[in-house]
Number of protein chains: 2
Amino acid sequence: MDGTKKLEKARERIIETIAQNIHLYGLTPSAGRQYGTMFFHNEPLTLDDMTEELGMSKTSMSTSVRALSDLKLVERAWKRGVRKDLYQVSEDWYQSFIDLFSIKWRKSVSQHSGAIRKSLAELDELMNDPAISEELKSEVMIDIDKLQYMRAYYEWLDRLIDAFEDHDIFDLVPIRNLQKDSSDKSK
Amino acid sequence: MDGTKKLEKARERIIETIAQNIHLYGLTPSAGRQYGTMFFHNEPLTLDDMTEELGMSKTSMSTSVRALSDLKLVERAWKRGVRKDLYQVSEDWYQSFIDLFSIKWRKSVSQHSGAIRKSLAELDELMNDPAISEELKSEVMIDIDKLQYMRAYYEWLDRLIDAFEDHDIFDLVPIRNLQKDSSDKSK
DNA sequence: TTGTTTGTACAGAAAAAACCGTTCAAACTA
DNA sequence: TAGTTTGAACGGTTTTTTCTGTACAAACAA
């Protein structure tokens, strides 16, 4: 088999695996393929480059590169004399993992916390209403407990994301920069 | 406003918030609504109960309760004399968060690790091929570096998931069981 | 055994999304 | 200024996903 073909095949396997797993970041396989393609390119790419590489429309490239940018999986690059926007994958994958939580999960925590606060206030009000049956009150009490549990959980999630952002997580789970020689046959 | 209505409204807000955020678990809003409904029910529910509560088909209830079960967000319950399957939400949300990683992310790590191993072996072979141009070899070298970086990253992710499963994460980010009085107005 | 109940497989309908071609505004060039 | 180039907004089309109703197999009841 031709050497270039072999290299291409080895890359394709990785790209396809990325495409099949990028849903964990809430992205489509197409965006994953785009990411993978950029990953193996050693130069920043323009939208037109991507159109050519992936055989998809420029519009599609534009929208999915935006989705990738929103999650900070890719970033813009500059190159003297090039007017087109250039994009390249963010180098630090650990940071990309953290960014997922900073962006998507933090937003979710915030929405939940807001909803819980509002509902808790309403139930609180309900508890102080004298025109409410004892039976209903005991139901409300149960719900208040549940919401308090939720509130504690999201507060925990919030601190977890803090621990990611502050890189405290690397104290617990250190990055091992093995750089293991690829000819090492040991298991 | 009627007390029962008010309670219902407070619940609906939470349920809808869950529905809008469950995509982080790779589930549809419908499944989220189903989860939310079960969450506020103090008794396990049957598929027929859910059909009635949510106004959707039994088939839908069956498929999405399976999706929820796969992620261990809900579990089966038993009740004397009831022949129908009963389901209830898993009580421990912290564990549910961990399960997400045990199930979905671990699988992703495994797929990636496999692909990386294969591709790395191929590139290794390519490097030892004497019939390959120097130019191509330097390209291959770059890719090997990238794959080694990936390998280290997924190995880190694997250890991170271990830290979740072993509950070591709670040493770094402890669960505060505040149980703060809901009448506390401090900010 | 036969009749009933329950959960799920399957195929088609409905809804949602991904994607494309065209168009347009902004930025750059001359 | 006018002419290009570029990225994205907007409708319309295609593809995918979600949901439903029917049908069926397994478990239970009598």
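In what follows, chains carry the letters A, B, and so on, assigned in the order in which the sequence lines appear, proteins first and then strands, with residues in each chain numbered from 1.
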Sugar-phosphate only, base, or nothing, as touched by A:Thr46 at under 4.0 Å among non-hydrogen atoms: nothing
D:dC19 OP1/OP2 closer than 4.0 Å to side-chain N/O of B:Ser30: yes
B:Ser60 side-chain N/O to D:dC19 phosphate OP1/OP2 under 4.0 Å: no
Output field: ring centroids B:Phe164/B:Trp105 closer than 6.0 Å: no
Sugar-phosphate, base or nothing in reach of B:Asp85, heavy atoms under 4.0 Å: sugar-phosphate
Rounded interatomic separation in angstrom, taking CG from A:Leu68 and P from D:dA8: 13 Å
Protein-nucleotide distance (A:Met50, atom CE; D:dT6, atom P), rounded to Å: 14 Å
Sugar-phosphate, base or nothing in reach of A:Ser64, heavy atoms under 4.0 Å: nothing
Separation of atom NZ in B:Lys58 from atom P in D:dG21, rounded to whole Å: 13 Å
Candidate nucleotides D:dT18, C:dC28, D:dG7, ranked by approach to the side chain of B:Thr28 - the nearest: D:dT18
Distance below 4.0 Å between A:Lys84 side-chain N/O and D:dT5 OP1 or OP2: no
Proximity to the side chain of B:Met56 - top-ranked nucleotide from C:dG7, D:dT6, D:dT20: D:dT20
Phosphate-side-chain proximity, A:Ser62 and D:dA8, N/O vs OP1/OP2 below 4.0 Å: yes
Whole angstrom value for the distance that separates P of D:dT17 from NE2 of B:His23: 17 Å
Nucleotide C:dT6, atom C1' - distance to CG of B:Leu45 in whole Å: 16 Å
Length of the CG-P vector between A:Leu86 and D:dT6, whole Å: 11 Å
Criterion salt bridge (Lys or Arg N to Asp or Glu O under 4.0 Å) on A:Asp162 and A:Arg106, from CA distance to verdict: CA-CA 10 Å; A:Asp162 288 343; A:Arg106 187 79 89 180; 2.9 Å; yes
Test item: side-chain donor near acceptor, A:Asp99 and A:Ser102, under 3.5 Å: no
Phosphate contact (D:dA9 OP1 or OP2) by A:Arg66 side-chain N/O below 4.0 Å: yes
Nearest to side-chain heavy atoms of A:Arg83, which nucleotide of C:dC28, C:dT6, C:dT8: C:dC28
Gap between atoms CE and P, on A:Met61 and D:dT6 respectively (whole Å): 17 Å
Integer-rounded Å distance: D:dC19 P and B:Leu27 CG: 11 Å
Mutual orientation of the aromatic rings belonging to B:His112 and B:Tyr154 [parallel < 30°, tilted 30-60°, perpendicular > 60°]: parallel
Residues B:Glu122, B:Lys118: salt bridge by 4.0 Å N-O rule: no
side-chain N/O A:Thr59 vs D:dG7 OP1/OP2, d < 4.0 Å: no
